[in-house]
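To start, the structure under review is shown below, and the notes come after it.
Every number for a ligand or one of its atoms is a count from 1 in the order of the listing.
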Amino acid sequence: MASTTTATQQASVNTITDEQFYKDVMAGLTANPKRLDSKYFYDAQGDKLFQELMNCEEYYPTKCEMEIFTSQTAEICKAIIADGDAFDLIELGAGDATKSTQLLKYLIDNKADFSYLPIDISENVISYLNITLPVTLPGIKITGLNGEYFDMLKKAASISNKRKVVMFLGSNVGNMPVAVAQGFCKELRNNLSEGDMMLVGVDLKKNPKTVLAAYNDKGGITKRFNLNLLERINRELYGDFNTDHFDHYATYDPETGSCKSYLISLTDQKVKIGDETISFIKDEYIYMEISQKYAVKQINDMAEGAGFKPLNQFFDNKKWFVDNIWTAE
Ligand code: AVI
């Protein structure tokens, strides 16, 4: 039976260590070409910048998914509730849970028998949800889990054996290359049982200018969001990056649907991380993030390839974004 997590329990399930962060950063910055893992964008400062980004004019995915969740709440919840048996509603990468709050409120108001288990890599996010949701949604049963998705999914399965409905919203699936996303969906399926469900939000291919503008906003929030990872390395790993010596560059390829972000070194420079020195030559890039956009057929193929049956699709008015319900076969 799920219960509300305490701060001590919370600390014990925090699996992201400084050591792992250091290893990943050093592996990425000594590779050729250089890369950093966008999962590390989300420290407290990164969470704040992502909030800002979601509210900026050009960044449409959050607004589209919010429209789906507010205008089609009943239909989505009906599909999730299915036969009405008790279930665990698990959210991978919960963030501030603004979108899922729509669903949670509807489920509570309609007396659905469920527990909410948000999973997030950010400790900050999980403690925020553990504290605020019971206030904004009285009666909610919540167990926040801070850590990597599959570790925490296994943990969720060990806490309860109820039917699982796993939400993966916001096109987080897009932050993996297509082949990795396919493998990820298969691994999800392996962690679920027949009859369990997925609710997956996916950003669709659209006018390339619309996509590119979302990742190259005029106010420079995406740039600050990327540079924050260098600042995080300075803060946590004793780095001395000068962020004025890096610029942000985003590209979108309409053929493949891949939107990619890079940081470009503006000069020959040496950067210290602890005792190690990393050299950059002028114009060298660090590959920071992929935000993959999909066609509807590609999404259904990905579901079926992983052992899920596509059940419903909910689109926003512009058909820029789709929330998909899949059942595990
Ligand atoms: C969290 N994720 C789905 C966002 C995206 O659109 O890829 C992260 C982001 N990166 C730049 N802007 C937003």
Side-chain angles (χ1 to χ4, degrees), residues 35-69 91-100 118-122 124-126 148-149 167-178 180-181 184-185 199-232 246-253 256-264 285-294 299 302 316 320-324:
R35 58 182 157 72
L36 286 170
D37 191 331
S38 63
K39 77 178 181 190
Y40 291 118
F41 281 1
Y42 304 92
D43 66 345
Q45 186 57 23
D47 289 342
K48 255 192 233 156
L49 286 165
F50 188 50
Q51 288 292 335
E52 247 185 86
L53 203 46
M54 288 191 291
N55 291 321
C56 92
E57 199 189 322
E58 297 98 326
Y59 191 73
Y60 61 83
T62 314
K63 293 170 199 94
C64 292
E65 195 169 41
M66 195 63 186
E67 181 202 311
I68 296 171
F69 277 36
E91 181 165 9
L92 305 179
D96 68 355
T98 312
K99 282 163 287 188
S100 35
I119 295 176
D120 206 285
I121 191 95
S122 164
N124 189 47
V125 159
I126 291 300
E148 298 275 359
Y149 293 154
M167 299 193 286
F168 195 39
L169 308 179
S171 207
N172 280 328
V173 71
N175 294 136
M176 301 171 217
V178 174
V180 176
F184 180 82
C185 289
L199 172 54
V200 189
V202 185
D203 195 13
L204 295 170
K205 287 184 174 176
K206 61 186 63 61
N207 187 320
K209 289 185 179 170
T210 307
V211 176
L212 192 56
Y215 294 86
N216 194 26
D217 63 290
K218 288 201 201 83
I221 307 169
T222 315
K223 176 176 174 173
R224 278 159 53 214
F225 184 54
N226 278 261
L227 288 174
N228 176 59
L229 181 44
L230 304 188
E231 286 162 8
R232 181 177 183 182
F246 289 87
D247 198 6
H248 169 249
Y249 176 71
T251 65
Y252 177 65
D253 175 3
T256 60
S258 293
C259 182
K260 292 182 179 171
S261 283
Y262 302 89
L263 287 177
I264 312 294
Y285 67 86
I286 313 174
Y287 168 56
M288 301 295 285
E289 184 180 47
I290 183 167
S291 298
Q292 179 68 35
K293 311 304 169 194
Y294 284 87
I299 300 170
M302 185 156 73
D316 64 303
W320 282 1
F321 199 97
V322 61
D323 278 289
N324 305 268

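Contacts between F41 and ligand 1, counted as non-hydrogen atom pairs separated by less than 4.0 Å, are absent for every part of the residue. Under 4.0 Å from ligand 1, the heavy atoms of L53 that appear belong solely to its side chain.
For the pair S171 and ligand 1, a heavy-atom separation below 4.0 Å is found. Y60 does not count as a contact of ligand 1, since none of its heavy atoms falls under 4.0 Å from the ligand. The closest approach between P61 and ligand 1 stays at or above 4.0 Å for every heavy atom of the residue.
For F225 and Y59, the ring centers are positioned 6.0 Å apart or more.
Ligand 1 places these atoms under 4.0 Å from at least one heavy atom of N172: 1 (C), 2 (N), 3 (C). Here is the list of ligand 1 atoms found below 4.0 Å of a heavy atom in Y42: 1 (C), 8 (C). Each of the following atoms of ligand 1 lies closer than 4.0 Å to a heavy atom of G170: 3 (C).
Closest to atom 11 (C) of ligand 1, if we only count protein heavy atoms, is E289 OE1, 3.4 Å. Among protein heavy atoms, atom 7 (O) of ligand 1 sits closest to S291 OG, 2.6 Å.
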Report task. Given side chain to side chain contact (heavy atoms under 4.5 Å, CB included), test R232 with Q45 step by step and report yes or no. Result -> CA-CA 9 Å; R232 181 177 183 182; Q45 186 57 23; over 6 Å; no
Requested in this report: Show the numbers, then the answer: is there a side chain to side chain donor-acceptor pair (under 3.5 Å) between D217 and T222?
Outcome: CA-CA 6 Å; D217 63 290; T222 315; 2.4 Å; yes
Report task. Give the intermediate values and the outcome of side chain to side chain donor-acceptor pair (under 3.5 Å) for residues Y60 and K206. Result -> CA-CA 12 Å; Y60 61 83; K206 61 186 63 61; 3.1 Å; yes
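Between Y262 and Y287, the ring planes lie tilted relative to each other; the angle falls in the 30° to 60° range.
In this structure, K63 places its NZ atom where more than 12 heavy-atom neighbours from other residues, nucleotides or ligands lie under 6.0 Å away.
Between Y59 and ligand 1, at least one N/O pair is under 3.5 Å apart.
Residues D203 and F321 meet the side-chain proximity criterion, which asks for heavy atoms closer than 4.5 Å.
Of all the listed residues (N175, T62, D203, N216), N175 holds the heavy atom that lies closest to atom 2 (N) of ligand 1.
With E65 contributing its side chain and G170 its backbone, the two residues share a donor-acceptor pair below 3.5 Å.
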